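The structure under discussion appears below in the form of structure tokens.
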Amino acid sequence: TKNKLYTSVFILNEANVLLGMKKRGFGVGRWNGFGGKVDADETILEAAKRELLEESGLTVNELQEAGILKFEYLGESEILEVHVFTACKFEGTPTESEEMRPKWFPIPEVPYNDMWPDDRLWFPLMFRGQKFSGYFKFNGHLEIQDYTLEPACT
Ligand SMILES: CN1CCN(c2cc(NC3CC3)nc(N)n2)CC1
């Protein structure tokens with residue numbers, strides 16, 4: 001089936017992660033990585049870089065694949081497929097956009113209660129550089145009905 005493709009980019013260094021507060025649209029009021037939809041005329045990687053620049057003002061040369069997350073909402077047939085990337089080298093200054101307000105967080109202070117509930121499950125894998133593949137069945141926007149999360153060695 002054709003999954004709806006999204007990207008999410010996290011800028012990391014050994015101690016901190018750059019998150020964005022979503023100011024409108026899907027996920028408004030939650031901290032997340034910078035990303036959005038993948039257009040028909042671009043690759044997932046191109047979309048990740050484009051959305052990062054649009055939402056944070058940052059440019060990256062290299063993105064590392066961190067993992068893939070698939071989300072199913074009970075009662076809805078469309079599956080969301082989120083391609084997660086990390087980067088440690090970037091150019092520019094984190095700048096608030098219409099979509100996102102950027103903020104650095106020390107890794108122990110990541111505000112999981114103001115994020116999607118799945119994040120606390122896979123962020124530790126991302127911070128350890130362990131590629132992951134996750135599948136989450138959501139019952140509404142807040143409750144994870146069940147999930148699988150495994151190291152991916154692709
Ligand atoms: C704008 N996109 C939306 C999808 N997305 C998600 C989704 C997600 N959980 C799913 C239950 C919604 N969890 C994270 N961390 N990101 C990336 C940003």
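This structure is a prediction, so every number in the text was calculated from the model and none was measured. Note that the numbering runs from 1 along the sequence shown for the chain. Whatever order the structure lists them in is the order used to number ligands and atoms, beginning at 1.
Residue contacts with ligand 1 for Leu69 are absent, since no atom lies close enough (heavy atoms, distance under 4.0 Å). Residue contacts with ligand 1 for Trp122 involve side-chain atoms from C-beta outward but no N, CA, C or O (heavy atoms, distance under 4.0 Å).
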### Task
Check step by step if side-chain contact (heavy atoms from CB on, under 4.5 Å) holds for Trp31 and Met100.
CA-CA 9 Å; Trp31 295 98; Met100 286 289 215; over 6 Å; no
### Query
Could you walk me through whether Glu78 and Tyr73 pass the side-chain hydrogen bond (donor to acceptor under 3.5 Å, both in side chains) check?
CA-CA 8 Å; Glu78 191 171 63; Tyr73 282 105; over 6 Å; no
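Aromatic ring orientation, His141 versus Phe26: perpendicular (interplanar angle above 60°, classes split at 30° and 60°). The aromatic rings of Phe90 and Trp104 sit tilted relative to each other, their planes meeting at an angle between 30° and 60°.
The residues Arg24 and Glu99 are annotated as salt-bridged, a charged nitrogen and a carboxylate oxygen being separated by less than 4.0 angstrom. Here Arg50 does not pair with Glu46 in a salt bridge; the nearest charged N to carboxylate O distance is not below 4.0 Å.
Close N/O approach between Lys22 and ligand 1 is not found [any backbone or side-chain N/O within under 3.5 Å]. The shortest N or O to N or O distance between Asp119 and ligand 1 is under 3.5 Å.
Taking each heavy atom of Pro111 and Leu19 in turn, the nearest pair found is CD-CD1, 3.8 Å.
Protein heavy atom nearest atom 17 (C) of ligand 1, with residue, atom name and distance: Asn32 ND2, 3.7 Å. Counting protein heavy atoms only, atom 14 (C) of ligand 1 is closest to Trp116 CD1, 3.4 Å. Remark: minimum distance from atom 2 (N) of ligand 1 to any protein heavy atom is reached at Tyr6 CD2, 3.9 Å. In this structure, the protein non-hydrogen atom closest to atom 13 (N) of ligand 1 is Asp118 OD2, 3.0 Å.
Between Phe34 and ligand 1 there is no heavy-atom distance shorter than 4.0 Å.
Ligand-side atoms of ligand 1 in range of Tyr73: 11 (C), 12 (C), range being under 4.0 angstrom from any heavy atom. Annotation for ligand 1: atoms under 4.0 Å from non-hydrogen atoms of Phe138 are 11 (C).
Between Gln145 and Asn139, some side-chain heavy-atom pair lies under the 4.5 Å cut-off.
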